[in-house]
Amino acid sequence: MLLLLLLRRNASSGPHHFIISSSSSGVFKVQVVHGWLLNMLPKCIDFFTVQDSLLYSRAFWVSKSLIAWNVEAGNGPCYLYASVTADLFVADNDIQGYDSKIELQGGDIGLPQCVIEKFPHIRHYKAFNLPPDLDVESLLKCQLAVAIFSSDGKCSSATGLQLPGVLDDLFSYCGPLGAVFSSETISLHLWAPTAQGVHAFIYKDLSLSDPSEIVQLKGQNGVWSAKVPRDWEGYYYVYEVSVYHPSTLQIEKCIVNDPYARGLSADGQRTLLVDLDSDLFKPEGWDDLADEKPHLLSFADISIYELHIRDFSANDFTVHPELRGGYLAFTLQDSAGMLHLKRLASAGLTHVHLLPTFHFGGVDDERHKWKDVDRELLESLPPDSDQQQAHITAIQDEDGYNWGYNPVLWGVPKGSYASDANGSCRTLEFRKMVQALNRVGLRVVLDVVYNHLHASGPFDKNSVLDKIVPGYYLRSDIDGFIEHSTCTNNTASEHFMVERLILDDLLCWAVHDKVDGFRFDLMGHIMKRTMVKAKSMLQSLSMEKNGVDGSKIYIYGEGWDFGEVAKNGRGINASQFNLSGTGIGSFNDRIRDAMLGGSPFGHPLQQGFVTGLSLEPNGHDHGDKSAAELMLAVSKDHIQVGMAANLRDFVLTSFDGQEVKGSEVLTHDGVPVAYALCPTETMNYVSAHDNETLFDIVSLKTPKDISLDDRCRMNHLATSMVALSQGIPFFHAGDEMLRSKSLDRDSYNSGDWFNRLDFSYNSNNWGIGLPPREKNERNWPLIQPRLADPDFKPHKSEIVAAVESFLTFLQIRYSSPLFRLRTANAIQERVKFHNTGPSWIPGVVVMSIEDGYEGVPGLTQMDECYSFVVVIFNACPTEVLFSSPVLRARALQLHPMQLRSSDDIVKKSKYEASSGCFTVPARTSSVFVESRDA
């Protein structure tokens, strides 16, 4: 039988050709035509009947002397096979085409504990021992397979091998990597222990298609090295790596960038030989920037504003057209965007979190290649039309927009944000951006995406690490195929050199580019060990030794626990619960879901505490009245735990009157709400770049007949609850301006049109057409009537009022250290929630924060101005009166910031000392303070 199979792996890689033939014994032989990728093939062939084959890698070479395989040993022998030229195949009940054949011993006992700890997902595999005198280093450069035979000499099972374990055992390396500059030479170092040969192709000029020089690197202990002249600085290079690639079952010659690249040509075609300490890459005053950093006394003082570089200025007409959407827009002190950021910084905001700035795929670095849409045409279309999204998606892979979660090289600034993607511009302009933000009082956080890579295999131009040591940097399943639970090409930080690359990259950004913090995308897919090492390494940096103060560098990320790493499936991962006690922050999705309702994966009309649950039904089936009221009460408990920094041991009174710890308050699926042990481990938020904006989700979940003003006040209420919570508040850029993406739930590739920010406050971007079909069509019936209704669209006055409200609550947060308590003990002692238990007033959260008095036993004094604070969040559509005996006889007054604000409604808030009664208007957050000089 002869079969020709054509398989398409993805839209860009073309058809993959395989010839699969069977021998008389029924064992298949696979030949790869033109070296096309095999990564997805076995999962797609339902007629493949062989028990195992060399298409799979189901055995694990876990140490120098041990192979793990989930196979019954039986009575026959087991062998390891190697072919230098990758000619192995299964035929006639045997392995053919090998150069070496080594008999393995064992197979009748389990794995040692040290192996199980490193590879918990193969804990039940059997151990096979290798001879002690084996030349393992040479074997690892070959195609490898193991096969086991029955007593009659027939091959009963065969498979390829996964090598990360033995590579870590023999070739873990702490020496120099990348291009290292000295006074006389440049040394090149590449870790590639499975490579058969490595050459560096040198290009003196970008215009050259053929290399000016070819340098052969010499391999020793897994590292390939060469020295080149110092005056080659400014030249470009790529590596040619000859290596066996399991996705093609062939020896491939891969052309690849240096994974430690610190400079690139446009679109990452070649690596730039760059010395980051050269004056060529330093803006004026760069060496003094570390001394000019904005003051930061404690991580508890941090507040974060999440911003996309292109969003910031692409539509800002106060910015010169050539600078819009790039690094240099941040250097224009009088642009509308920078004036807005200055207002936020003056109100207390401390950090700007920039979405990915490293070299990513999906956007051409050269702007003249971008396609654009006819803006005038789009603006002429109805607000609920499907034509805008059709025009945007038609060019979405050829325009200048993408969030950037498509990492190609982690250590180089993205060229599309620079005025010139070649040479020194991208690094110089990136640094100017950091410098400019620091000088207006804002520290800079980079969004790092170490959990996955944009591409893999030996041929994709965006593949890097998988061309150098195939099968090592990317996490494989038990069959040897790449895991894709993050979205694509999961990386494996449990492997030593993957972890090292992550740590080295962080160190470079912190020391050379003076970055102030890092947000880890899908941090739960990274090992806890890696994150703890990263924190320790960064915070050990000193001005004396490194030129930066690492004690001020904060790290946080997404601690979601899913995929193959869930429940410590690949080791102890950096999930929310596992990070308790580390001081590493993670996003608190509990407070988000309780405030907004449901989750990003639930029904879009599911209401929450802020969006009208029980109090203003929107027609969605939340159960009967008692069920909705119970949901509201549970949501209030989740919010209160979150406002107490989501502390695991914080004690409060639950909705049913029980004294409980935060960890004893449970989500709908029985998971503890609280997980943090210190306040800076909690990032409280209601919206981020993912999913709908805050204004959009409020507009979607609330009843259609409520007023625009009501929706705006719900927006203010949500941001105020985040701003006044213990822990670290996190805000999505534009939430303070009622930002809309026309209800797009995933705008990663929706162009400037759906992602616009308007710092003139003239528009919030609502009603610019139905959001892109791919991610939103299911909700179009809900979205369309809302977009069509002109009463949903805010005017400039509402946008300006939202900005003023946001600034007011930032100012309140920074008016007192009581809103920024530094320890779990301080929060437990000082923060109390009232309006609790079965008799609570629905829709109202009441929080008090108490300070001590100098010289008086008990609480220490922290605040020079205020001795007591009461904050009341009223989500009800009506004014509420709340009385509490424990809050009587206080000298409480509305916060001066609210008395001076432009919000006339909040000024109607009242406190009566004799009764302890507070009056708070509808959908309002009122802050009452007791002044020490009252």
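Basis for what follows: all heavy atoms, side chains included, without hydrogens, waters or symmetry-related copies. Since this is a predicted model, take the numbers as computed values, not measurements.
Using cut-offs of 30° and 60° for the angle between ring planes, the His622 and His620 rings count as perpendicular. Classification of the Tyr911-Phe928 ring pair by plane angle, with boundaries at 30° and 60°, yields tilted.
Although no hydrogens or angles enter the test, the distance criterion places no donor-acceptor pair under 3.5 Å between the side chain of Lys908 and the main chain of Val920. No side-chain donor-acceptor contact under 3.5 Å links Arg443 to the backbone of Gly517. With hydrogens and angles disregarded, a donor-acceptor distance shorter than 3.5 Å links the side chain of Thr611 to the backbone of Leu596. Remark: side-chain polar atoms of Asn874 are paired, donor with acceptor, to backbone N or O of Thr878 under 3.5 angstrom. Here the side chain of Asn618 pairs no donor or acceptor atom with the backbone of Gly612 at under 3.5 angstrom. Formation of a donor-acceptor pair under 3.5 Å by the Arg813 side chain with backbone atoms of Arg820 is not found in this model.
The minimum heavy-atom distance linking Glu930 with Leu892 is given by the pair N-CD2, 3.6 Å. The minimum heavy-atom distance between Met737 and Leu757, with the atom names listed, is CE-CD2, 3.7 Å. Shortest non-hydrogen contact noted between Leu297 and Lys552 is O-NZ, 3.9 Å. Contact record, Leu666 with His638: O-NE2, 3.1 Å, taken as the closest heavy-atom pair. In terms of heavy atoms, Phe731 sits closest to Thr719 at CE2-O, 3.8 Å. The minimum heavy-atom distance linking Leu354 with Met433 is given by the pair CD1-CE, 3.5 Å.
Using a 4.5 Å heavy-atom cutoff, the side chains of Met631 and Val634 are not in contact. A 4.5 Å side-chain heavy-atom check between Thr836 and Leu652 finds every atom pair outside the cut-off. When side chains are defined from C-beta on, Val641 does not count as touching Phe650, because their heavy atoms never get closer than 4.5 Å. Put simply, the side chain of Leu717 does not reach to within 4.5 Å of the side chain of Phe609, judged on heavy atoms. Side-chain contact between Val929 and Ile812: absent, with no pair of heavy atoms (C-beta onward) separated by less than 4.5 Å. With contacts defined as side-chain heavy-atom distances shorter than 4.5 Å, the pair Phe819/Val869 qualifies. The side-chain heavy atoms of Val871 and Met643, taken from C-beta on, include no pair separated by under 4.5 Å. Contact of the Tyr685 side chain with the His732 side chain is not registered, since no non-hydrogen atoms from C-beta on lie closer than 4.5 Å.
Heavy atoms of other residues, nucleotides or ligands lying less than 6.0 angstrom from CD of Glu798 number more than 12. Residue-environment remark: NZ (Lys907) exceeds the threshold of 12 foreign heavy atoms within 6.0 Å. Within 6.0 Å of atom CD in Glu864, 12 or fewer heavy atoms from other residues, nucleotides or ligands are found, so the atom counts as exposed in its surroundings. The 12-atom threshold is not exceeded at NZ of Lys704, counting heavy atoms of other residues, nucleotides or ligands nearer than 6.0 Å. Other residues, nucleotides and ligands place more than 12 heavy atoms under 6.0 Å from the NZ atom of Lys342.
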> Between Val444 and Val352, is a side chain to side chain contact (heavy atoms under 4.5 Å, CB included) present by the stated rule, with each step listed?
Replying inline: CA-CA 5 Å; Val444 177; Val352 168; 5.6 Å; no
>> Run Asn438 and Glu292 through side chain to side chain contact (heavy atoms under 4.5 Å, CB included) and show every step you take.
In response: CA-CA 8 Å; Asn438 282 175; Glu292 302 171 8; over 6 Å; no
>> Let's go through His351 and Tyr554 carefully: what are the C-alpha distance in whole Å and the side-chain angles of both, what is the deciding distance for ring pair (Phe, Tyr, Trp, His ring centres under 6.0 Å) to 0.1 Å, and is it a yes or a no?
In response: CA-CA 10 Å; His351 287 63; Tyr554 179 65; 7.5 Å; no
>> side chain to side chain contact (heavy atoms under 4.5 Å, CB included), that's the test. Do Leu708 and Asp791 meet it? Break it down for me.
In response: CA-CA 6 Å; Leu708 173 62; Asp791 290 337; 5.9 Å; no
>> Walk me through whether Thr653 and Gln658 qualify under side chain to side chain donor-acceptor pair (under 3.5 Å).
In response: CA-CA 5 Å; Thr653 302; Gln658 302 296 313; over 6 Å; no
>> Could you go through Asp903 and Gln898, starting from their C-alpha distance and side-chain angles, then the distance that decides it, and tell me whether this counts as side chain to side chain contact (heavy atoms under 4.5 Å, CB included)?
In response: CA-CA 7 Å; Asp903 183 358; Gln898 292 192 306; over 6 Å; no
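To the nearest 0.5 Å, atoms CD1 (Ile584) and CD1 (Ile555) are separated by 4.0 Å. Between the CD atom of Gln640 and the OG atom of Ser725 there is a distance of 11.0 Å, given to the nearest 0.5 Å. We find the OG1-CD distance between Thr919 and Glu912 to be 8.0 Å, quoted to the nearest 0.5 Å. Distance check: Phe518 CZ to Ile553 CD1 gives 6.0 Å after rounding to the nearest 0.5 Å. Annotation: the span from Asp851 atom CG to Ser816 atom OG amounts to 7.0 Å, rounded to 0.5 Å. Rounding to the nearest 0.5 Å gives a distance of 10.5 Å between OG of Ser883 and CG of Asn835.
For His834 and Phe882, the ring centers are positioned 6.0 Å apart or more. Taking the ring centroids of His895 and Tyr866, they lie under the 6.0 Å cut-off.
Of the N and O atoms on the side chains of Ser931 and Asp933, at least one donor lies less than 3.5 Å from an acceptor on the other residue. A donor-acceptor contact under 3.5 angstrom links the side chains of Ser654 and Asp656, judged on distance only. Side-chain atoms of Asp316 and Thr318 form a donor-acceptor pair, as typed in the model, at a separation below 3.5 Å. There is no side-chain donor-acceptor pair under 3.5 Å between Thr693 and Arg739. When only modelled atom types and interatomic distance are considered, Ser747 and Asn755 share a side-chain donor-acceptor pair under 3.5 Å. Side chains of Ser760 and Asp758: a donor on one and an acceptor on the other come within 3.5 Å.
Both tests hold for Arg890 against Phe868: distance to the six-membered ring centre under 6.0 Å, angle to the ring axis within 45°.
When Glu558, Arg590, Glu681 are each tested for a side chain to side chain contact (heavy atoms under 4.5 Å, CB included) with Gln576, only one passes: Arg590. Among the candidates Tyr761, Phe330, Phe312, the single residue satisfying the ring pair (Phe, Tyr, Trp, His ring centres under 6.0 Å) test with His340 is Tyr761.
Scanning for ring-ring contact (aromatic ring centres under 6.0 Å, His included) contacts around Trp766 gives Phe695, Phe792, with sequence neighbours left out.
We find that Arg932 and Glu854 are not joined by a salt bridge, their nearest charged nitrogen and carboxylate oxygen being 4.0 Å or further apart. A salt bridge between Asp696 and Lys741 is absent, with no side-chain N of the basic residue lying under 4.0 Å from a carboxylate O of the acidic one.
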For residues 799-811, tabulate all N or O donor-acceptor pairs below 3.5 Å that involve a side-chain atom, not counting sequence neighbours.
from	atom 1	to	atom 2	distance (Å)
Glu804	OE2	Arg343	NH2	2.7
Thr808	OG1	Glu804	O	2.9

